[in-house]
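This report concerns only the one structure given below.
Proteins get letters first, then strands, A, B, ... in listed order; numbering begins at 1 in each. What you see below is based on every heavy atom in this structure, not just the backbone, and it leaves out hydrogens, waters and symmetry mates.
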Amino acid sequence: MPTESILAWYAVHARELPWRAPSASPWSILVSELMLQQTPVNRVLPVWTVWMARWPTAASLAAEPSGEAVRAWGRLGYPRRALRLHACAVAITERHGGKVPTDHAELLALPGVGAYTAASVASFAFRQRHAVLDTNVRRVLARLKSGQEHPPKSQTTAELRLAESLLPEEAETAATWAVAVMELGALICTARSPRCADCPVIAQCAWYKAGKPAWDGPPRRGQTYAGTDRQCRGRLLAVLRDASHPVEKPALDVVWSDAVQRERALDGLIADGLVDPLDDGRYALPS
DNA sequence: AACCCGTGGTC
DNA sequence: TGACCAAGGGT
């Protein structure tokens with residue numbers, strides 16, 4: 001049975017990540033999950049550590065301007081997540097008495113918390129029984145059960161049903177199983193060069209048994225970045241993040257030459273609430 | 001449903 | 001070296 005093999009492997013090989021410590025608070029786990037969305041563990045670790053020392057509770061973050069969250073986010077990427085995390089802190093403080101809600105539906109209602117994050121917090125922080133389907137788990141299940149190198153582009157109900165069917169009955173075991181499968185995908189069953197020789201379930205792996213056939217599905221479109229609005233937004237926001245005071249417009253203009261694109265990106269940042277255009281014509285992180 | 005949203009590491 | 005990838009979510 002793959003369940004026992006993966007649990008046994010995890011017991012030996014799990015990384016000691018601080019948000020996995022028994023003492024980790026639900027809030028610290030929620031913070032880690034928001035930061036880990038599309039961002040590697042190694043880049044999250046130092047930011048999370050500083051963040052938790054400064055804002056150990058939701059209420060402590062909620063008491064600060066959202067711009068402070070954006071600044072402390074640093075270069076993690078996708079800074080709207082910082083805004084959403086701040087909004088989470090406000091919602092938790094105002095609606096939930098400062099405590100991260102334990103109910104899956106209430107978690108899902110928080111800003112920036114989707115299906116994955118709601119399930120992961122309910123599972124990791126509150127030891128509930130949920131299918132936790134992230135990119136790692138989807139890849140492991142695709143290989144192990146479907147014999148495909150990669151999961152479908154977008155999550156299917158078949159994947160969800162498969163993940164639920166594999167979930168151990170007992171909640172505590174299910175919670176450990178969820179993080180164990182994720183860890184297997186992160187350390188062994190990786191996207192690029194899977195370490196099949198070290199895999200605890202190689203004997204059950206449909207993809208391996210089929211000879212590890214190459215991906216024959218639709219080409220997985222890459223993410224271009226150079227020259228995009230995203231890169232431009234990143235440059236503009238970096239100026240404000242690195243400044244201790246509001247900046248004049250020319251300080252923004254110098255970081256991107258295409259004026260049309262630059263204005264569009266700046267408007268987008270303002271619309272997102274990441275940049276505050278002051279009455280005096282200067283720009284600042286939001287208050 | 002497809003597209004947008006950052007950043008840095010890897011081979 | 002440029003394409004791919006990383007604990008997704010919102011619209």
Roughly how far apart, to the nearest Å, are C:dC4 and B:dC3 at atom P?
16 Å
Can you check the A:Leu83 CG to B:dG6 C1' distance for me, whole Å?
14 Å
Rounded to whole angstrom units, what separation is found between the CZ atom of A:Arg233 and the P atom of B:dC3?
18 Å
Of A:Gly77 and A:Ser154, the one whose nearest nucleotide on DNA chain B sits closer to the 5' end is A:Ser154
Under-4.0 Å salt bridge between A:Asp253 and A:Lys249
yes
Return no unless some side-chain N or O of A:Tyr225 is found under 4.0 Å from OP1 or OP2 of B:dT7.
yes
Please name all residues satisfying ring-ring contact (aromatic ring centres under 6.0 Å, His included) with A:His86, sequence neighbours left out, ordered by chain then number.
none
Through direct or indirect side-chain contacts below 4.5 angstrom among Ile, Leu, Val, Met, Phe, Trp and Tyr, which residues connect to A:Tyr208?
A:Ile202
Expressed in angstrom and rounded to an integer, what is the separation of A:Met35 atom CE from B:dG6 atom P?
16 Å
Apply side-chain hydrogen bond (donor to acceptor under 3.5 Å, both in side chains) to the pair A:Arg138 and A:Tyr116, showing each step before the final yes or no.
CA-CA 11 Å; A:Arg138 295 184 61 220; A:Tyr116 161 76; over 6 Å; no
Hey, does A:Asn42 reach any base, or is it just sugar-phosphate, or nothing, if we go heavy atoms under 4.0 Å?
nothing
Span that lies between the P atom of C:dT11 and that of C:dA7, in whole angstrom
24 Å
Measure from the side-chain N and O atoms of A:Arg139 to the backbone N and O of A:Cys189, and report whether any donor-acceptor pair falls under 3.5 Å.
yes
Determine whether the side chains of A:Gln261 and A:Trp256 contain a donor N or O and an acceptor N or O closer than 3.5 Å.
yes
Residues in salt bridge (charged side-chain N to carboxylate O under 4.0 Å, His left out) with A:Arg84, at least two apart?
none
Pairs satisfying side-chain hydrogen bond (donor to acceptor under 3.5 Å, both in side chains), at least one member in residues 181-190 of chain A, at least two apart:
A:Arg15-A:Glu183, A:Arg20-A:Glu183
With heavy atoms under 4.0 Å as the rule, sort A:Leu76 into base, sugar-phosphate or nothing.
base
For A:Leu269 and A:Ser193, take the nucleotide of DNA chain B holding the closest heavy atom to each; which residue's nucleotide lies nearer the 5' end?
A:Leu269
If the threshold is 4.0 Å, N to carboxylate O, is there a salt bridge linking A:Glu164 and A:Arg161?
no
Please work out which residues in residues 236-260 of chain A have a non-hydrogen atom less than 4.0 Å from an atom of DNA chain B and list them by number.
A:Arg241
Nucleic acid footprint by protein, nucleotides 4-11 of chain C - heavy-atom cut-off 4.0 Å, B for base, S for sugar-phosphate alone:
BBBBBBS-
